[in-house]
Amino acid sequence: NIALVYRYQKDYPKALEYNLKSLEIKIPVYGENSLRVATSYNNIASLYLEQNEYTKALEYCFKSLEVKKLSQGGNTEKTEETVCSYMTIGKALNHQGEYNKAEEYLLKAMNISKTLFGEKSLKISLSYNQLTGVYMNRKEYTKALEYCLKCLEIQESVHGKDHSKTIETQKRLLEIQ
């Protein structure tokens with residue numbers, strides 16, 4: 001996937017260009033309401049998020065959710081794809097200063113992730129990490145600390161204490177304390 005290569009290189013405009021081209025091909029081949037199209041919308045949303053274009057990120061996330069609902073007969077609440085959309089929506093809303101809405105979507109993502117992956121999965125640690133950011137922005141440091149510690153516990157058990165992600169979370173913890 002050419003878009004993925006550009007994304008890894010952090011060339012987001014080029015990655016976006018190729019994701020949009022991919023979407024143009026997928027719609028006529030698979031139809032507007034296919035999961036492949038929904039995934040493309042979510043990928044595009046993530047790229048807009050990386051470029052701090054939060055309104056566009058939200059637009060594509062909500063398109064992705066709508067297509068997922070249509071393609072799965074409305075039964076999207078318990079899928080990994082929905083978790084990805086909710087996480088991206090939560091991140092974008094947090095950056096826009098809409099902390100209550102961000103919290104709502106991030107909690108939805110976390111609860112679905114717990115059901116799908118269990119309490120101690122890395123997917124849950126991602127939710128905890130994003131919620132930490134929301135609570136820090138709202139100056140709710142007790143909650144931020146709680147979620148940061150939960151995130152750190154999972155990361156240490158999965159990655160170990162010397163992994164870069166674990167170290168990032170340890171630094172974040174120091175900022176809160």
Side-chain angles (χ1 to χ4, degrees), residues 1-134 137 147 151 154 158 165:
N1 185 324
I2 296 170
L4 196 56
V5 171
Y6 282 118
R7 183 184 191 126
Y8 285 139
Q9 294 175 336
K10 298 194 185 306
D11 187 346
Y12 301 123
K14 205 72 164 160
L16 182 61
E17 175 187 333
Y18 279 93
N19 269 293
L20 289 168
K21 285 180 182 180
S22 172
L23 180 64
E24 286 177 20
I25 294 167
K26 286 180 183 177
I27 290 174
V29 173
Y30 300 110
E32 293 233 3
N33 298 327
S34 80
L35 280 177
R36 290 174 191 233
V37 169
T39 299
S40 288
Y41 285 146
N42 208 65
N43 292 339
I44 291 166
S46 296
L47 289 166
Y48 279 124
L49 185 67
E50 292 289 349
Q51 297 176 87
N52 302 325
E53 294 187 45
Y54 307 119
T55 303
K56 285 205 177 240
L58 289 169
E59 174 189 334
Y60 279 90
C61 267
F62 286 117
K63 278 184 180 183
S64 176
L65 281 174
E66 186 59 34
V67 170
K68 287 172 193 169
K69 283 180 187 172
L70 292 171
S71 70
Q72 296 179 336
N75 185 21
T76 60
E77 283 304 306
K78 302 292 180 198
T79 66
E80 186 173 359
E81 292 83 10
T82 300
V83 169
C84 291
S85 292
Y86 285 168
M87 289 290 289
T88 305
I89 291 168
K91 288 180 197 177
L93 290 169
N94 188 29
H95 285 293
Q96 289 184 319
E98 295 191 44
Y99 307 128
N100 292 339
K101 285 184 182 178
E103 178 187 35
E104 176 187 334
Y105 280 96
L106 293 170
L107 286 171
K108 283 181 182 182
M110 181 187 72
N111 290 327
I112 296 169
S113 292
K114 282 181 179 178
T115 302
L116 294 175
F117 309 110
E119 295 273 338
K120 301 291 182 186
S121 76
L122 283 175
K123 296 278 186 185
I124 298 295
S125 76
L126 294 173
S127 294
Y128 290 158
N129 187 45
Q130 291 303 314
L131 285 161
T132 298
V134 169
N137 287 335
Y147 280 90
C151 178
I154 293 170
V158 174
K165 293 285 183 188

Going from CD on Glu119 to NZ on Lys114, what distance comes out if it is rounded to the nearest 0.5 angstrom? 4.5 Å

Criterion side-chain hydrogen bond (donor to acceptor under 3.5 Å, both in side chains) on Thr82 and Thr79, from CA distance to verdict: CA-CA 5 Å; Thr82 300; Thr79 66; 2.8 Å; yes

Between Lys123 and Ser127: side-chain donor-acceptor atoms closer than 3.5 Å: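 Judged by distance alone, the side chains do not pair up.
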
Below 30° counts as parallel, above 60° as perpendicular, anything between as tilted: where do the rings of Tyr41 and Tyr60 land?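 Ring orientation, 0 to 90° scale: tilted.
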
Does the structure place the NZ or CZ of Lys26 under 6.0 Å from the centre of the six-membered ring of Tyr30, at an angle of no more than 45° from the ring's axis?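 Negative - Lys26 is either too far from the ring of Tyr30 or too far off its axis.
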
Is the distance from the ring center of Tyr54 to that of Tyr48 below 6.0 Å? no

[X] vs [Y] side-chain heavy atoms within contact, under 4.5 Å:
X      : Y      : answer
Tyr147 : Met110 : yes
Cys61  : Asn42  : yes
Asp11  : Val5   : no
Asn1   : Tyr18  : no
Leu58  : Gln96  : yes
Ser121 : Ile124 : yes

Does Glu98 pair with Lys101 as a salt bridge, N-O distance under 4.0 Å? yes

Between Lys14 and Glu17, does any side-chain N to carboxylate O distance fall below 4.0 Å? yes

Donor-acceptor check, side chain of [X] to backbone of [Y], threshold 3.5 angstrom: yes or no?
X      : Y      : answer
Ser40  : Leu23  : no
Asn111 : Leu107 : yes
Asn94  : Gly90  : no
Gln51  : Leu47  : yes
Lys68  : Leu35  : no

Check whether more than 12 heavy atoms from other residues, nucleotides or ligands sit under 6.0 Å from atom CD of Glu32, and answer yes or no. no

